[in-house]
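Below is one structure, written out as structure tokens; the observations come after it.
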Number of protein chains: 2
Amino acid sequence: MRPNKLEQPILPDQGEDDLRAILGGTEIPTAYKIGYILNFYREPSFRRIEAEFGLTRPEIVILLALHFREGITAAEFCEFSGHLKAGVSRAAIALEKKDLIRRVTDPADSRRQRLFLTDAGRDLYSRYVPALKAREAAMLACLSGSERKQLDRLLDKLAAHVPDWGSASEL
Amino acid sequence: MRPNKLEQPILPDQGEDDLRAILGGTEIPTAYKIGYILNFYREPSFRRIEAEFGLTRPEIVILLALHFREGITAAEFCEFSGHLKAGVSRAAIALEKKDLIRRVTDPADSRRQRLFLTDAGRDLYSRYVPALKAREAAMLACLSGSERKQLDRLLDKLAAHVPDWGSASEL
DNA sequence: ACAAGAAAGTCTCATATGAGACCGAATAAG
DNA sequence: CTTATTCGGTCTCATATGAGACTTTCTTGT
């Protein structure tokens, strides 16, 4: 029962039939399975990073995003990450205080702040990303090369169509 | 920028190349994409359920799980859901207070409590699950029938191998 | 040029959550 | 039998988070 925060939650040793009983019984099987897999990918990794480097979730994700999208604004980050603007604002302030990013007011629109990694931020990122990569590799280890290609193709397609899902108010 | 909590975060209207710039740049592309997709599936739906029915995340998920696994204990739920035991305990207490579940001490081991849906719990579940189903359908709408089969097969495989990922302490 | 409205980001408050200490029940060992 | 240990569950405390009010800046229409 999760004796330790860094311990991966352990599944009882059970056959695939029982696993099917766990995962196959919902009325939202695909979403449920994605959630299940992602939980076991993300939670242990993120908890460890939080504990080890003193970062919060939004802070971790902002550093991740800045690594390939420097100069992004908080609002842009909200749009594609789904985080709330208050959380992003808090995280950006905290990251700046820790000297991991710089916030530069956009000269063209002084409401906006563009975010940039500092050397320290890049360094910190490079110290925690290997764990995430390793865990992704562990997650994908059971798939063959062509299965991984399939999976990535399907995920790309799903991701590309996210904007078409319709607003939540239609739910 | 998320003006409303029930509003789905809106992506700027951008071509697939830009989307690739958002999603393809990480060092953990598969995990990142799964997270991206799941965020946009889960957050709006769950926020709506939270607001509309006064439930917390763990409460929502417990009701979901009980719907196909009645009599589960809190510890079992922790194991396959990845939730923390304190959260599950709190949620179970709250759900019982709302008469949505019953907690029955296991006669064989009086430490354990088995959880069962009440009629009210079943009813509440049936009122919020359609929204989740609808959103899953929207998510999958861009895939063909055979692509969905592919996806489910890959997810089943990934889910079945979760226990092999190794403990987080190896990260 | 001015007023009205939208947008970016910050702040505040209440609540949810994570971590781990704690308690009582069950099991194992001597 | 008695004691130590593990295990299911609860409690407490500090922190993170969600929601939305608020401030300032930009945009639009007249």
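Everything quoted here is computed from the prediction, not taken from an experiment. Keep in mind that the numbers below use all heavy atoms, side chains included, and drop hydrogens, waters and symmetry copies. Just so we're on the same page: letters track the sequence lines, and every chain starts at 1.
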Nearest heavy atoms of B/Asn39 and B/Pro44, plus distance in Å: O-CD, 3.6 Å
Among D/dA16, D/dT10, C/dG9, the nucleotide that comes nearest once only the side chain of A/Ala75 is considered: C/dG9
B/Ile93 CD1 - D/dT12 P separation (whole Å): 11 Å
A/Tyr125 and A/His67 aromatic ring geometry - parallel, tilted or perpendicular at 30°/60° bounds: parallel
Distance-minimising heavy-atom pair for B/Arg122 and B/Leu117: NH2-O, 3.4 Å
Separation of atom CG in B/Leu95 from atom P in D/dT10, rounded to whole Å: 12 Å
Check: B/Thr56 and B/Glu59 side chains under 4.5 Å, non-hydrogen atoms: yes
Polar pair under 3.5 Å, donor/acceptor by atom type, side chain B/Arg90, base C/dG18: yes
Interatomic distance where CZ belongs to B/Phe77 and P belongs to D/dG9 [whole Å]: 12 Å
Distance, rounded to the nearest Å, where B/Glu50 contributes CD and D/dG18 contributes P: 9 Å
Heavy-atom pair of closest approach, residues B/Tyr128 and B/Ile60: OH-O, 2.9 Å
Smallest separation among heavy atoms of B/Asp99 and B/Ala120, with atom names: O-CB, 3.6 Å
Five-pair end axes of the helix from C/dA1-D/dT30 to C/dG30-D/dC1 and the angle they enclose, rounded to 10°: 30°
Within residues 103-113 of chain A, residues whose heavy atoms come under 4.0 Å of DNA chain C: A/Arg103, A/Arg111, A/Arg112, A/Gln113
Touch class at under 4.0 angstrom, heavy-atom based, for B/Ala86 against every strand present: base
Atom pair distance, as rounded to whole Å: CG in A/Leu55 and P in C/dG18: 17 Å
Any side-chain heavy-atom pair of B/Val104 and B/Leu115 under 4.5 Å: no
Nearest-angstrom distance from the residue atom CD1 of A/Ile62 to P of D/dA16: 14 Å
Touch class at under 4.0 angstrom, heavy-atom based, for A/Arg57 against every strand present: sugar-phosphate
Among D/dT17, C/dT17, D/dG8, the one nearest A/Pro58 by side-chain distance: D/dT17
Spacing of A/Asn39 atom CG relative to C/dT17 atom P, expressed in whole Å: 13 Å
Salt-bridge present (B/Glu147, A/Lys157; N to O < 4.0 Å): yes
Phosphate OP1/OP2 of C/dG9 contacted by A/Ser89 side-chain N/O (<4.0 Å): no
Rounded interatomic separation in angstrom, taking CZ from A/Phe46 and C1' from C/dT17: 17 Å
Least distance between heavy atoms, B/Cys78 atom then B/Leu84 atom: SG-C, 4.0 Å
